[in-house]
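Contents: one structure, followed by commentary.
Per chain, numbering begins at 1; letters A, B, ... match sequence-line order. Excluded from the calculations below are hydrogen atoms, water molecules and symmetry mates; all remaining heavy atoms, backbone and side chain alike, are included.
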Amino acid sequence: GNSVTQMEGPVTLSEEAFLTINCTYTATGYPSLFWYVQYPGEGLQLLLKATKADDKGSNKGFEATYRKETTSFHLEKGSVQVSDSAVYFCALSDPRGSSGDKLTFGTGTRLAVRP
Amino acid sequence: EPEVTQTPSHQVTQMGQEVILRCVPISNHLYFYWYRQILGQKVEFLVSFYNNEISEKSEIFDDQFSVERPDGSNFTLKIRSTKLEDSAMYFCASSSTVQQETQYFGPGTRLLVL
């Protein structure tokens, strides 16, 4: 079946540091890949997505490139802010045709950014 | 911007009681989902729903669970007889089409079973 593996957290960085959160996946078809973010006490928000190989998703300074050859979708940001402190979830959609695309999530990586 | 809403935000119930969690998906969306997140664990798929019927369900979604779209706007998850292990955050999501389309999540209902 499909699966998503994320690096274990927590990740603690100082403000303006470079961020990488690793994500690799296993899928039988041609999945779409997503990063969702969960701020403290809130629900899941879509951060970015990529729907095919070599696509780059980007939003709010975050980027991730869909790498089919390494089955990876690592999240990066050049300069993190305190407000980026949250839990980040990598996810893929299960390409099952016309009946609905369930999301398979990784375990989540907690990011804490110090001032 | 349209959003998915969920009620209640928190629910506390006694073991064995029935609970109904409510969701209002984005109005022109056709596909609806329930996920849950046990504290500190990953988000898990429960069920997907399209055209007034379940299209896929996970092994978690046993006979104690049911979903319904009672009218044109609400989408509900019912747990018939709650167990302690049902304590979790329950998220509703919706999407407009299927093929690699983004799912938009509600803020969640935190369910605590005592």
Within a 6.0 Å radius of atom NZ on B:K83, are there more than 12 heavy atoms belonging to other residues, nucleotides or ligands? yes

B:E3, CD atom: more than 12 neighbouring heavy atoms under 6.0 Å: no

So, the part of A:L46 with a heavy atom under 4.5 Å from chain B: the answer is side chain

Given a strict heavy-atom distance threshold of 4.5 Å, which part of A:Q45 is in contact with chain B: side chain, backbone, both, or neither? neither

Could you please spell out the steps behind the side chain to side chain contact (heavy atoms under 4.5 Å, CB included) verdict for B:Y35 and A:L103? CA-CA 9 Å; B:Y35 294 82; A:L103 285 167; 3.3 Å; yes

Please say whether more than 12 non-hydrogen atoms of neighbouring residues, nucleotides or ligands are located less than 6.0 Å from NZ in B:K42. yes

Aromatic contact between A:Y36 and B:F105, with the criterion being ring centroids under 6.0 Å apart: yes or no? yes

Side chain to side chain, B:F45 and A:T104, heavy atoms closer than 4.5 Å: no

If one checks every heavy atom of B:Q6 against chain A at 4.5 Å, the contacting part turns out to be neither

Take a 6.0 Å sphere around CG of B:D63 and say whether it holds more than 12 heavy atoms from other residues, nucleotides or ligands. no

Taking C-beta and beyond as the side chain, do B:Q103 and A:K102 meet within less than 4.5 Å on heavy atoms? no

Distance in Å, B:Q41 CD paired with A:T107 OG1, rounded so as to fall on 0.5 Å steps: 10.5 Å

Look at atom CD of A:E15 and say whether more than 12 heavy atoms of other residues, nucleotides or ligands are closer to it than 6.0 Å. yes

Would you indicate whether A:E16, at its atom CD, is surrounded by more than 12 heavy atoms from other residues, nucleotides or ligands within a distance under 6.0 Å? no

